[in-house]
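Heavy-atom basis, side chains included; hydrogens, waters and symmetry copies ignored.
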Amino acid sequence: MSALSEAYRDHPLHLHHIIPLDFDSVRTVPDSHVWPTSHAFESDDQLSIPTVDLMDPDAVKLVGHACETWGVFQVINHGIPLDIIDEVESEARRLFSLPTGHKLKALRSPGGATGYGLARISPFFSKKMWHEGFTVMGSPVDHARELWPNDYQRFCDVMEDYQKKMKELAITLMHLILKSLDLSEEEISKVVSPGGASTALQLNSYPFCPDPSRVMGLAPHTDTSLLTILYQSTINGLEIFKDGVGWVLVSPTNGSLVVNVGDLLHILSNAQFPSVLHRVVLKEKQQRLSLAYFYSPPTDFDVSPLALNPAQIPLYRSVSVREYIHIKAKNVEKALSLIRI
């Protein structure tokens with residue numbers, strides 16, 4: 001049991017907020033999943049989020065600028081071998097292509113944080129999302145054994161290897177981001193200790209939909225984490241909200257990963273880096289997959305604004321990761337405002 005999963009145990013969900021629709025059996029979009037059309041707010045500008053090459057000698061400056069102006073960027077030359085990403089995507093496809101009744105054998109428990117089910121933000125919205133997910137924290141062996149009693153090891157090996165590589169990349173990115181705030185190595189090492197991070201890997205499937213324009217893949221939200229590293233397959237769907245512009249599509253580009261600022265990094269930066277609001281809309285009549293890796297400090301770590309010059313005052317009070325998870329579990333949209341000074 002990871003400490004992160006323990007933090008979610010105090011906020012059990014009802015089963016109807018965990019069990020996805022049987023997507024294989026529906027021919028039309030049920031009322032429960034019809035959302036008001038929101039595509040009118042999409043930006044017409046051919047805007048695109050910044051791309052940062054991690055081999056660029058100016059990577060610190062570029063990453064800092066992207067975090068400040070957008071809260072999100074694509075990263076290339078990130079060091080994650082593409083064949084490893086392909087393996088994870090292939091295992092995710094193997095999982096999500098199982099019959100619905102079979103996937104339910106690995107259903108997330110009401111107080112659990114891992115396994116198969118709907119997004120944790122589901123209870124905050126009156127309509128349901130066109131989404132199914134599978135959450136991994138460490139080894140997925142218990143759930144994988146339920147799904148494939150005789151053939152679970154490959155899934156476990158691939159997921160554990162990917163998490164290890166993602167953690168290394170997250171630590172590299174956090175060093176670059178915190179250096180851009182002029183923090184000392186000592187201050188950086190307090191936030192980014194290789195031993196004690198809280199991490200989670202979320203496999204996302206947005207199944208085939210008979211009428212994509214009427215549904216929402218994932219409702220608008222910010223991530224709790226310090227940062228999130230996302231791989232999206234070749235199909236469009238991810239949009240981020242930029243003030244003064246509207247919703248901007250983040251198109252997948254070959255070999256790149258999307259990195260976005262989460263609430264905890266927003267607090268650390270004293271609001272210098274926006275925690276980016278994002279959503280997934282369905283654009284095409286085919287399944288879309290993505291892999292999201294969330295990186296946070298240990299749950300007992302106290303997060304507070306770090307990068308303060310003498311003229312600045314902290315905008316947020318200090319909050320432990322566990323306490324912030326609890327606040328957000330009850331107030332998904334207002335969590336940051338509740339700890340604002």
Could you state the interatomic distance from [atom1] ([X]) to [atom2] ([Y]), rounded to the nearest 0.5 Å?
{"X": "Glu146", "Y": "His102", "atom1": "CD", "atom2": "NE2", "value": "9.0 Å"}
{"X": "Met174", "Y": "Leu183", "atom1": "CE", "atom2": "CG", "value": "9.0 Å"}
{"X": "Leu21", "Y": "Met129", "atom1": "CG", "atom2": "CE", "value": "13.0 Å"}
{"X": "Ser296", "Y": "Leu264", "atom1": "OG", "atom2": "CG", "value": "5.0 Å"}
{"X": "Ser225", "Y": "Asn260", "atom1": "OG", "atom2": "CG", "value": "6.5 Å"}
{"X": "Asp53", "Y": "Asn77", "atom1": "CG", "atom2": "CG", "value": "4.0 Å"}

Report yes if the side chains of [X] and [Y] come closer than 4.5 Å at any heavy-atom pair, otherwise no.
{"X": "Ile267", "Y": "Phe273", "result": "no"}
{"X": "Thr172", "Y": "His78", "result": "no"}
{"X": "Tyr293", "Y": "Thr199", "result": "yes"}
{"X": "Leu173", "Y": "Leu54", "result": "yes"}
{"X": "Lys127", "Y": "Met216", "result": "no"}
{"X": "Val276", "Y": "Phe241", "result": "no"}
{"X": "Asp300", "Y": "Val321", "result": "no"}
{"X": "Tyr116", "Y": "Leu147", "result": "no"}

Checklist entry - Which residue pairs satisfy the side chain to side chain donor-acceptor pair (under 3.5 Å) criterion with at least one member in residues 21-30, sequence neighbours excluded? => result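 For residues 21-30, and leaving out neighbouring residues, the side chain to side chain donor-acceptor pair (under 3.5 Å) pairs sorted by first residue read Asp22-Ser25, Asp22-Thr100.
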Nearest heavy-atom neighbours spanning [X] and [Y]:
{"X": "Asp58", "Y": "Asp56", "result": "N-OD1, 2.7 Å"}
{"X": "Ile121", "Y": "Ala219", "result": "CD1-O, 3.8 Å"}
{"X": "Pro314", "Y": "Pro305", "result": "CB-CG, 4.0 Å"}
{"X": "Gly262", "Y": "Ser275", "result": "C-OG, 3.3 Å"}
{"X": "Pro274", "Y": "Cys67", "result": "CD-O, 3.1 Å"}
{"X": "Gly117", "Y": "Leu107", "result": "CA-CD1, 4.4 Å"}

Would you say that more than 12 heavy atoms from the other residues, nucleotides or ligands in this model lie under 6.0 Å from the [atom1] of [X], or not?
{"X": "Asp86", "atom1": "CG", "value": "yes"}
{"X": "Glu333", "atom1": "CD", "value": "no"}
{"X": "Asn254", "atom1": "CG", "value": "no"}
{"X": "His65", "atom1": "NE2", "value": "no"}
{"X": "Ile313", "atom1": "CD1", "value": "no"}

Shared hydrophobic cluster for [X] and [Y] (ILVMFWY, side-chain gaps under 4.5 Å):
{"X": "Tyr162", "Y": "Val259", "result": "yes"}
{"X": "Leu226", "Y": "Leu201", "result": "yes"}
{"X": "Val75", "Y": "Leu82", "result": "yes"}
{"X": "Leu249", "Y": "Ile240", "result": "no"}
{"X": "Leu95", "Y": "Ile84", "result": "yes"}

Can any side-chain N or O of [X] pair as donor or acceptor with the backbone N or O of [Y] at less than 3.5 Å?
{"X": "Ser256", "Y": "Pro252", "answer": "no"}
{"X": "Trp35", "Y": "Lys128", "answer": "yes"}
{"X": "Glu91", "Y": "Val88", "answer": "no"}
{"X": "Arg288", "Y": "Ile235", "answer": "yes"}
{"X": "Ser122", "Y": "Leu118", "answer": "no"}
{"X": "Asn331", "Y": "Ile327", "answer": "yes"}
{"X": "Asn270", "Y": "Leu315", "answer": "yes"}
{"X": "Gln163", "Y": "Gly138", "answer": "yes"}

Could you tell me whether the side chains of [X] and [Y] share a donor-acceptor contact shorter than 3.5 Å?
{"X": "Gln74", "Y": "Thr51", "value": "no"}
{"X": "Ser213", "Y": "Lys283", "value": "no"}
{"X": "Tyr324", "Y": "Asp263", "value": "yes"}
{"X": "Glu89", "Y": "Tyr231", "value": "yes"}

Checklist entry - Just checking, Arg279 and Trp247: is the charged tip under 6.0 Å from the six-membered ring centre and within 45° of the axis? => result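 Ring-cation test returns yes.
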Checklist entry - Do Arg94 and Asp151 sit within salt-bridge range, that is, some charged N less than 4.0 Å from a carboxylate O? => result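 Result for this pair is yes, salt bridge flagged.
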Checklist entry - Taking NZ, NE, NH1 and NH2 as the nitrogens, is one of them in Glu160 or Lys165 under 4.0 Å from a carboxylate oxygen of the other? => result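 The answer is no: the pair does not qualify as a salt bridge.
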Checklist entry - When you look at His175 and Glu185, which way does the side-chain contact (heavy atoms from CB on, under 4.5 Å) test go after all the steps? => result CA-CA 9 Å; His175 274 275; Glu185 284 300 329; 4.1 Å; yes
Next on the checklist: For Tyr152 together with His143, are the ring centres under 6.0 Å from each other?
Outcome noted: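 His143 vs Tyr152: aromatic centres not under 6.0 Å.
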Would you call the rings of [X] and [Y] parallel, tilted or perpendicular, taking 30° and 60° as the class edges?
{"X": "Phe134", "Y": "Phe155", "answer": "perpendicular"}
{"X": "Phe23", "Y": "His33", "answer": "perpendicular"}
{"X": "His14", "Y": "His17", "answer": "tilted"}

Next on the checklist: Applying side-chain contact (heavy atoms from CB on, under 4.5 Å) to Leu338 and Tyr316, what does each step give before you reach the verdict?
Outcome noted: CA-CA 9 Å; Leu338 290 174; Tyr316 295 100; over 6 Å; no
Next on the checklist: For Val258 and Gln232: C-alpha separation, side-chain torsions, deciding distance, then whether side-chain contact (heavy atoms from CB on, under 4.5 Å) applies.
Outcome noted: CA-CA 8 Å; Val258 179; Gln232 40 176 356; 3.9 Å; yes
Next on the checklist: side-chain contact (heavy atoms from CB on, under 4.5 Å), that's the test. Do Leu265 and Ile177 meet it? Break it down for me.
Outcome noted: CA-CA 9 Å; Leu265 183 52; Ile177 290 167; 4.0 Å; yes
Return a table of donor-acceptor pairs under 3.5 angstrom between the side chains of residues 202-209 and protein atoms on other chains or two or more places apart.
from	atom 1	to	atom 2	distance (Å)
Gln202	OE1	Thr135	OG1	2.5
Gln202	NE2	Asn204	OD1	3.4
Asn204	OD1	His131	NE2	2.8
Asn204	ND2	Ser290	OG	3.1
Ser205	OG	Glu132	OE2	3.2
Ser205	OG	Gln287	NE2	3.0

